[in-house]
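This report refers to the structure that appears directly beneath it.
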Amino acid sequence: MSGHSKWANIKHKKAAADAKRGKIWTRLIKEITVAARLGGGDIDSNPRLRLAADKAFAANMPKENVKRAIARGTGTLDGVNYEEVRYEGYGINGAAIIVDCLTDNRVRTVADVRHAFTKYGGNMGTAGSVAFQFKHCGQLMFAPGTDEEALMEAALEAGADDVITDEEGGIEVICEPNNFVAVKEAIEAAGFTPEVAEVIMKPENETEFTGEAAEKMQKLLDALEDLDDVQEVYTNAIIDNGDD
């Protein structure tokens, strides 16, 4: 496999996310609230809630904040009623983009997302226009230098679908969304700690962007990610940040 290093891109994305730590808490509280509303407030029997709570603790959110968000979701405490909305569209050179939102005002959210697409050279698409180019799956990323053979054995034994090593030595474990928590726990029990662990929309094919096109695409993605109602942005564009 020639081309980009996925590990370099993961590092860049993680650094960008770390820089927006305050916004991360807000997004996680929304996700915890919705997960509790849809699947109940018991972390052990609600995989989506378990994942959101794990992310919250990894982001150093106090347990009390997590408990309050769960209580709002289950109706024990009053709170805003968020709904899930997905928008799809095209970026620079037709790159596919999925924007997942949690909102209490769809009219405001669609206007904000459309404005970001238009302002930065993209186009909003219709529902289903690009989603077929992505696969819903669990993804765990491990740093270069991880024992590939031992990790592969632990991952496959836990029920993972695939283990992929990129050109820098970063290792990616892919699994079914419903299997994610079990796979993550089994791999961690085997002594491995993922740098990134989430359920994502993974592009089936990727396109590398360099130079001016990469800059334009990054601006569009940043504008979408900065919107208050946006939880996640997925794309099949791989941005070359020039730090490989």
Side-chain angles (χ1 to χ4, degrees), residues 1 5-14 16-18 24 27-28 30-32 34-36 38-40 42-59 66 84 86 88 96-102 130-144 146-166 168-206 225 230-238:
M1 232 176 83
S5 157
K6 180 160 289 190
W7 181 248
N9 264 274
I10 290 287
K11 281 190 299 183
H12 176 79
K13 189 178 176 188
K14 194 164 182 276
D18 288 344
I24 295 288
R27 288 179 179 178
L28 286 169
K30 276 189 184 181
E31 172 62 17
I32 290 165
V34 170
L38 295 176
D42 180 4
I43 286 179
D44 292 327
S45 63
N46 184 342
R48 179 171 172 177
L49 179 59
R50 174 70 175 273
L51 175 57
D54 284 350
K55 281 187 180 180
F57 295 138
V66 175
E84 298 178 281
R86 169 170 288 175
E88 301 177 38
I97 301 175
I98 290 177
V99 185
D100 281 346
C101 305
L102 287 176
V130 303
F132 68 94
Q133 298 181 50
F134 295 79
K135 178 186 177 185
H136 189 214
C137 62
Q139 179 194 58
L140 299 98
M141 291 293 301
F142 298 85
T146 303
D147 184 334
E148 183 181 356
E149 199 171 310
L151 174 59
M152 183 179 292
E153 186 180 334
L156 295 178
E157 198 171 297
D161 294 335
D162 205 357
V163 180
I164 307 153
T165 304
D166 80 4
E168 261 191 45
I171 305 173
E172 179 184 18
V173 174
I174 300 297
C175 64
E176 289 297 319
N178 294 339
N179 240 1
F180 176 78
V181 171
V183 169
K184 178 173 178 283
E185 287 179 350
I187 287 175
E188 287 175 342
F192 298 97
T193 303
E195 296 290 323
V196 177
E198 33 191 16
V199 175
I200 63 165
M201 294 295 287
K202 179 180 168 63
E204 299 279 11
N205 294 290
E206 296 168 332
E225 285 175 353
V230 170
Q231 291 290 105
E232 296 288 348
V233 177
Y234 303 107
T235 180
N236 64 352
I238 293 292

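Just so it is clear, the model here is predicted, and its values are computed rather than measured. Residue indices begin at 1 and follow the sequence shown.
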Roughly how far, to the nearest 0.5 Å, is the [atom2] atom of [Y] from the [atom1] atom of [X]?
X      : Y      : atom1 : atom2 : result
Lys135 : Glu204 : NZ    : CD    : 7.0 Å
Asp100 : Gln231 : CG    : CD    : 8.5 Å
Leu140 : Glu188 : CG    : CD    : 8.0 Å
Glu172 : Leu151 : CD    : CG    : 11.5 Å
Glu31  : Glu84  : CD    : CD    : 7.0 Å
Glu148 : Thr165 : CD    : OG1   : 3.0 Å

Exercise. Mind running side-chain contact (heavy atoms from CB on, under 4.5 Å) on Arg86 and Ile98 for me, showing each step along the way?
Key: CA-CA 7 Å; Arg86 169 170 288 175; Ile98 290 177; 3.5 Å; yes

Can any side-chain N or O of [X] pair as donor or acceptor with the backbone N or O of [Y] at less than 3.5 Å?
X      : Y      : result
Asp162 : Ile174 : no
Glu88  : Val130 : yes
Asn236 : Ala96  : yes

Self-check item: Val163/Ile171 under side-chain contact (heavy atoms from CB on, under 4.5 Å): CA gap, chis, key distance, verdict
Solution: CA-CA 7 Å; Val163 180; Ile171 305 173; 3.6 Å; yes

Practice problem: Mind running side-chain contact (heavy atoms from CB on, under 4.5 Å) on Val199 and Cys137 for me, showing each step along the way? | Solution: CA-CA 6 Å; Val199 175; Cys137 62; over 6 Å; no

Practice problem: Could you give me the CA-CA distance, side-chain angles and deciding distance for Arg50 and Lys184, then say whether side-chain contact (heavy atoms from CB on, under 4.5 Å) is met? | Solution: CA-CA 12 Å; Arg50 174 70 175 273; Lys184 178 173 178 283; over 6 Å; no

Practice problem: Before accepting this row, confirm whether a basic side-chain N of the pair Glu232/Arg27 lies closer than 4.0 Å to the acidic partner's carboxylate O. | Solution: no

Tell me the closest heavy-atom pair linking [X] and [Y], and the distance in Å.
X      : Y      : result
Ala160 : Val173 : CB-CG1, 3.7 Å
Gly40  : Asn46  : O-ND2, 2.9 Å
Val66  : Ala56  : CG2-CB, 3.9 Å
Ile187 : Phe142 : CG2-CZ, 3.5 Å
Pro47  : Val181 : O-CG2, 4.0 Å
Gly138 : Phe180 : CA-CD1, 3.7 Å

Quiz item: Under 4.5 Å between any side-chain heavy atoms of Gln133 and Asn205, yes or no?
Solution: no

